Each structure stands twice: as structure tokens, then as C-alpha cells.
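Sequence positions, counted from 1, serve as the residue numbers for this chain. Every heavy atom of this structure was used, including side-chain atoms; hydrogens, water molecules and symmetry mates were not. Since the structure is predicted, the reported quantities are computational estimates derived from the model, not experimental observations. One-based numbering, in listed order, for ligands and for the atoms of each.
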Amino acid sequence: MERTDIAIVGGGAAGLTAAIYAARERLAAVLIDDYPGGQILQAALVDNYPGLPEISGEELGEAFRQHAQDKGAVFLESTVAHIKRENDIFVLTLDDGVQTSELRARSVIYAAGCRHRLLGVEGEARLTGHGVSYCASCDAAFYPQKTVAVVGGGNTALGDALLLSRIAETVYLIHRRDTFRASAALVEAVKQTDNIQLILHTVPLEICGEKAVTGIRLRNQNDQTQQLLQIDGVFAAVGMQPDTAMVSDFVRCDETGYVIAGEDGITSCPGLFAAGDIRTKQLRQVITAAADGANCVRSAEHYLRTRKG
Ligand code: NAP
């Protein structure tokens, strides 16, 4: 069984930044992810990371990964299947797709991020991968001159709608309210784009189609009327859910599942630090995730130095 001082779980902006900081401090750290880069790899465009205007998410995620590698970070290409605590040691069960193994760690920086929230409507599961997508930057290219719908009102949904508007003929943006969580700049850009049509106060009821998406049935929240839109694809962008099932037995989470931790990443479980989208915070962005990664290394280093064993 391998041993390390810090196991970094998750290779997004938070985990990769932690790996860079740990490598610079010459700490014994291992980053575990089957495909380092994180959620940002799926963002069409990132225009709020200082100094790198208009960079694609893929380029930014890859630059983080390369930076960590150049600093000498140690990567294990695996998923973490399970974490348990044995006294003061964390035992991680890793699965690389072929076999499982165990890694013992004196501390964990938990930066596992979030999963896409599902729409939860009829037809969604059956048609995922056949016209239902959760990643516009991955799948937009399949819809040249087609008609697509995006569901959601946050930064992801509006960014996806703008990306799709450059490829598809018509983009319906379906949102359950008439105000958006997305930044004012994105809302303005969407409103100025001719081939994006807003359908507000509306929720999806069903995604239609046998083997591929052919339509989406909607309900207006104000008057309860229903309509069936003919579309070729639907992009669900209704937010994220924290991936905390593995640690929720021994770390305190809030009522929505996020690990309760401040900027220092310190959680209710000594030795386990939370970084990135997984932790309770106001603003979930690449820059705040990267800051968390740096802060967690500082906290982990202090914990390891002041702890015996
Ligand atoms: P989000 O901000 O949580 O927005 C989710 C949207 O989906 C909301 O508009 C919500 O409506 C709607 N929604 C939720 N459940 C729904 C349901 N069951 N049916 C219909 N609509 C539903 O999620 P996100 O856009 O994925 O963003 C996640 C985080 O990443 C945010 O913190 C965001 O700022 C960040 N992000 C940042 C960037 C960037 O900085 N470049 C890009 C993308 C994402 P309500 O508004 O009515 O609740």
C-alpha cells in the first residue's frame, strides 16, 4: 500500500493549484484524477481569469495541468472509489479501470468538484448522448444549422446559448423565471443575439423522441399552458451538485450537500481540507477554486507540521 502526506482528490482548478503549491513546498503529495483538467475543460470561453482574456476552458485547464506537471506534481490516473478514516490516517481506494489499490494519506485535500444536475424529466435518461447533452463545448459542433434548446438561467446556460448561436440556426433559451443568475454581460449578449429566442417562466416536462431528440414539451409557469417545440438537441445547464457522498459520513456538509469550510479549507474533520466548488462559498469560479487550492496546501502543511504520526 502506497503512502503520502497529502492526497489531492480531484484535478480541476482547485486540485491542480494545490498540486502546484505542494510541489513548490516539496511536500509529499499525490493528485488523483482519471483525467486532470476539471470542469473548466468544458467551458467554451473563460473571459474572467485575470491576464488571460478570451481563453478557452480547454486551453486554461490544460495550462493548469501542464504547469503542475512541470513543477513535478505526482499524478495518479485513477478515480477515488472510497475514502475511510482509520484513526488519523485516510485510506483511499483507487480504481484505475483495471484494478483497485489503496493509498494511505496523512491528509486529504478534497477537491472533487460537482456533477451536472439533471433536468429530471421523462426522456432525459433515454436520450442522453442522443440529443441530450450537458456540455455545449463538447457537442455544439453536431448541430450546424439545426434547432436546439438550452435549459437554465445561469452563466453556463447563457454561455452555452451564445456558443450554440454561432453554429445552430435557432437556439431556444428556456428559463423558469424572467431574471437570470448569469452575469449582466452575458444577459446583454444573449439579448442582442438574433437567433437566440428566450422562453421565460417555462420549465421542461418531457424530452421527446425514440432514438434521438425530436422535441421538448414545455409548461408555462404563469398560465400552465403547454407547448411542444420541435428541436434537434437539448442542452441541460441547470446547475451542479456537489460530489460529497464519499466524505459525508465524516465531514459536516450543509443542507445542499456542500462541505462546510472557510477560505482556509478547514472542515469539521481534522486533516481533511475542502477546495473548489465542493465547499460552501459565495462565488464558484475558476479563480476562487484556484485560490482554495493554494490556501488548502497552506492549511495542510500546518496540520502536518503540528501533528505527530
Ligand atoms: P447555476 O448558477 O446554479 O444556475 C442554474 C440555473 O438553472 C438557474 O438559473 C436555475 O434557475 C436553473 N435551474 C435549476 N434547477 C432547475 C430545474 N430543475 N429546472 C429548470 N431550471 C433549473 O449553475 P451554472 O450556470 O451551471 O453555474 C454553476 C457555477 O459555475 C456558478 O457559480 C457560476 O457562476 C459558475 N460558472 C462560472 C462561469 C464563468 O465565470 N465563466 C461559467 C459557467 C459557470 P433559478 O435561477 O430560477 O434558480
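In terms of the side chain to side chain contact (heavy atoms under 4.5 Å, CB included) criterion, residue partners of A261 (sequence neighbours excluded) are, by chain and number, T267, A274, R279.
Heavy-atom contacts of R117 reach the following atoms of ligand 1: 14 (C), 15 (N) (cutoff under 4.0 Å). Contact atoms of ligand 1 toward G153: 6 (C), 7 (O), 8 (C), 9 (O) (distance under 4.0 Å to a heavy atom of the residue).
F273 is not listed as a side-chain neighbour of V108, based on a closest heavy-atom distance of 4.5 Å or more. Side-chain contact between S268 and I260 is absent, with no heavy atoms from C-beta onward closer than 4.5 Å.
Cluster annotation: F235 is not connected to L119 through the hydrophobic network of ILVMFWY side chains, with a link wherever side-chain heavy atoms come within less than 4.5 Å.
Using a 4.0 Å heavy-atom cutoff, G159 is absent from the residues neighbouring ligand 1. Assignment of H175 to the shell around ligand 1 is supported, since a heavy atom sits closer than 4.0 Å. The closest approach between N48 and ligand 1 falls below 4.0 Å for a heavy atom of the residue.
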### Query
Does the pair I287 and N48 meet the rule for a side chain to side chain contact (heavy atoms under 4.5 Å, CB included), with working shown?
CA-CA 8 Å; I287 191 161; N48 55 1; over 6 Å; no
### Query
Given L94 and D96, is the side chain to side chain contact (heavy atoms under 4.5 Å, CB included) satisfied, shown in steps?
CA-CA 7 Å; L94 311 183; D96 67 5; over 6 Å; no
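Among all non-hydrogen protein atoms, the one lying nearest atom 48 (O) of ligand 1 is R181 NH2, 2.7 Å. Scanning the protein for heavy atoms near atom 28 (C) of ligand 1, the closest one is M240 CG, 4.2 Å. At the shortest separation from atom 29 (C) of ligand 1 among protein heavy atoms lies R284 O, 4.0 Å. Of all protein heavy atoms, the one closest to atom 47 (O) of ligand 1 is R177 NE, 2.7 Å. Of the protein's non-hydrogen atoms, the one nearest atom 11 (O) of ligand 1 is R176 NE, 3.1 Å. In terms of protein heavy-atom proximity, atom 34 (O) of ligand 1 is closest to N155 ND2, 2.9 Å. The protein atom (non-hydrogen) at minimum distance from atom 7 (O) of ligand 1 is V238 CA, 3.2 Å. Closest to atom 27 (O) of ligand 1 among all protein heavy atoms lies T156 OG1, 3.6 Å.
Proximity of P204 to ligand 1, defined as any heavy-atom pair under 4.0 Å, is not found for any part of the residue.
For F64 and Y49, the distance between ring centers is under 6.0 angstrom.
The residue from G239, G154, G120 that puts a heavy atom closest to atom 23 (O) of ligand 1 is G239.
Not one N or O of V151 is nearer than 3.5 Å to an N or O of ligand 1, by distance alone.
For the side chain to side chain contact (heavy atoms under 4.5 Å, CB included) with V148, the lone residue among I167, V171, V234 that qualifies is V171.
Side-chain contact check for Q221 and R176: no donor-acceptor pair (N or O, by modelled atom type) lies under 3.5 Å. Side-chain atoms of Q285 and T288 include no donor-acceptor pair closer than 3.5 Å.
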